Amino acid sequence: MENKKISIASDHAGISLKELVSEHLSREGHEIINHGTFNNDSVDYPDYAKKVTDDIISKVSDFGILICGTGQGMAITANKQIGIRAALCYEPEIAELSRSHNDCNVLTLGARFIDSNVAIECILKFINTPFEGGRHQDRIDKI
Ligand code: RB5
């Protein structure tokens, strides 16, 4: 599989999962930009979502990964930015379809509700699945 450039961030609730998946992706040869958070102090997830979505908008990275307790706050925040399509995923097939049908560029994960191995499977499906285009592009154009 082709190596990707991936920006990642979490709040305090997602830091352990963020570090675990970052190390896994680095070992697989992907380039990771880690925007924090870097300790267990309570922080506000919108501040971290923006660091990653800015990288996607400016084409610094191919994909973004955002992790908080539920994945919801990160998804809500990321999807406010024009050009971002963020998908909250909890099983690999959802991650795959969010790429093939929705051309999502950001994956969000709920660290308090997902097994770390399933999270890694979701990420690998997400970064390795191409967008199908065609009728799906027509629908995205209507968003
Ligand atoms: C933090 O306690 C929690 O609210 C946050 O991580 C996230 O789940 C919000 O959507």
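The structure displayed is predicted, hence computed values, not measured ones. All ligand and atom numbering here is 1-based and tracks the order in the structure. For reference, positions follow the sequence shown, starting with 1.
- Side chain of Asp115 to backbone of Asn117: a donor-acceptor contact under 3.5 angstrom is found.
- The backbone N or O of Asn40 lies less than 3.5 Å from no partner atom in the side chain of His12, so there is not a single donor-acceptor pair.
- Using a 4.5 Å heavy-atom threshold, the side chains of His35 and Ser7 count as touching.
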Problem set entry | Residue pair Phe113, Tyr90: steps toward the ring pair (Phe, Tyr, Trp, His ring centres under 6.0 Å) verdict | CA-CA 8 Å; Phe113 296 90; Tyr90 41 86; over 10 Å; no
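- Within the 4.0 Å heavy-atom criterion, the part of Ala13 lying near ligand 1 is the side chain and not the backbone.
- Counting only heavy atoms of the protein, atom 3 (C) of ligand 1 lies nearest to Arg112 NH1, 3.9 Å.
- From the protein, the heavy atom lying nearest to atom 1 (C) of ligand 1 is His12 NE2, 3.7 Å.
- For atom 10 (O) of ligand 1, the closest non-hydrogen atom on the protein side is Gly73 N, 2.9 Å.
- Residue Phe131 places its CZ atom among more than 12 non-hydrogen atoms of other residues, nucleotides or ligands, all under 6.0 Å distant.
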Exercise. Can Ile57 and Ile84 be said to form a side-chain contact (heavy atoms from CB on, under 4.5 Å), step by step?
Worked result: CA-CA 7 Å; Ile57 297 294; Ile84 296 297; 4.0 Å; yes
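- The heavy atom nearest to atom 8 (O) of ligand 1, out of those in Thr77, Thr108, Thr70, is found in Thr70.
- Scanning the protein heavy atoms around atom 5 (C) of ligand 1, the nearest turns out to be Asp11 OD2, 3.2 Å.
- Between Ile6 and Asp62, the closest side-chain pair of non-hydrogen atoms is not below 4.5 Å.
- Residue Tyr45 has no nitrogen or oxygen atom sitting less than 3.5 Å from a nitrogen or oxygen atom of ligand 1, judged on distance alone.
- Residue contacts with ligand 1 leave out Met74, since none of its heavy atoms falls under 4.0 Å from the ligand.
- For ligand 1 and Gly69, the ligand atoms under 4.0 Å from any heavy atom of the residue are 5 (C), 6 (O), 7 (C), 8 (O).
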